[in-house]
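To keep things clear, I will list the structure first and then write my remarks on it.
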Amino acid sequence: MKNNFFDKFADKAVYFTGSAAAFILASILVIVWAATGPLFKFSETWQMVINTGTTIVTFLMVFLIQKAQNKDSKAIQIKLNELISAHEHASNRIVDIEDLTEDELDELHKFYEKLGKFSKKESDTSKFQADKTPFD
């Protein structure tokens, strides 16, 4: 199913970097670096080794984390869409709300806050026109 090299690499890298083994390896590298301080007389070059190394790793990890987050977000959206479509009384008009602007999302959030307050007073929320969102 997966034939994209980057997808395979990213999945394995994210899995590894989130493991105990990766944490232990990183900790050992820092300990070895610190232990070599006296040997290199705590020189600027010695300090630059850890600074450069951690900067590069952090820079690359940002992209891997974002890729993993995008994948997880898509999977969650698909699962939620499936749940919405499986429920006979659910409205599917907001299935693609991730494409809305921040202001539109705020407006929709206010609508559902009102719906939540209304539902505490009424047992039948359909009177609140729950089948209509602010964008209908």
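In what follows, every heavy atom counts, from backbone to side chain, and hydrogens, waters and symmetry copies are set aside. By convention here, the first residue in the shown sequence is residue 1.
- Relative ring orientation between Trp46 and Phe42 is described as perpendicular, the plane-to-plane angle rising above 60° on a 0-90° scale split at 30° and 60°.
- Between Pro38 and Ala35, the shortest heavy-atom distance links the atoms CD-O, 3.3 Å.
- Just one of Ile31, Ile24, Val30 meets the side-chain contact (heavy atoms from CB on, under 4.5 Å) condition when paired with Ile28; it is Ile24.
- Contact between Thr55 and Asn51 at its shortest, heavy atoms only, is OG1-O, 2.7 Å.
- With a 6.0 Å radius and a threshold of 12 heavy atoms from other residues, nucleotides or ligands, Met48 has its CE atom at or below the threshold.
- From Leu60, atom CG reaches atom OG1 of Thr17 across 11.0 Å, with rounding to the nearest 0.5 Å.
- A distance of 8.5 Å separates CD1 of Ile84 from CD of Gln77, quoted to the nearest 0.5 Å.
- The CD atom of Glu107 sits 7.5 Å away from atom CD of Glu104, with the distance rounded to the nearest 0.5 Å.
- The hydrophobic clustering, which links ILVMFWY residues whose side-chain heavy atoms are closer than 4.5 Å, places Leu29 and Val49 apart.
- From Asp103, atom CG reaches atom CG of Leu108 across 12.5 Å, with rounding to the nearest 0.5 Å.
- Hydrophobic clustering places Met61 together with Val14 (ILVMFWY residues linked when any side-chain heavy atoms are closer than 4.5 Å, directly or through intermediates).
- No hydrogens or angles considered: a donor-acceptor pair under 3.5 Å links the side chains of Gln66 and Asn70.
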### Task
Would you please test Lys67 and Asp7 for salt bridge (Lys or Arg N to Asp or Glu O under 4.0 Å) and show each step?
CA-CA 9 Å; Lys67 173 139 181 55; Asp7 285 342; 2.7 Å; yes
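- The number of heavy-atom neighbours closer than 6.0 Å to CD of Glu113, taken from other residues, nucleotides and ligands shown, is above 12.
- Taking all atoms of both residues into account, the shortest heavy-atom contact from Leu105 to Ile97 is CD2-O, 3.6 Å.
- The heavy-atom pair separating Ala21 from Phe16 by the smallest distance is CB-CE1, 4.2 Å.
- Within a 6.0 Å radius of CZ in Phe59, no more than 12 heavy atoms belonging to other residues, nucleotides or ligands are found.
- Across every non-hydrogen atom of Leu64 and Ala13, the tightest pair is CD1-CB, 3.7 Å.
- How far CH2 of Trp33 is from CD of Gln47: 6.5 Å, rounded to the nearest 0.5 Å.
- In the hydrophobic cluster analysis, where Ile, Leu, Val, Met, Phe, Trp and Tyr join through side-chain heavy atoms closer than 4.5 angstrom, Phe111 is grouped together with Leu100.
- Within the model, atoms CG of Asp72 and NZ of Lys74 stand 11.5 Å from one another, a figure rounded to the nearest 0.5 Å.
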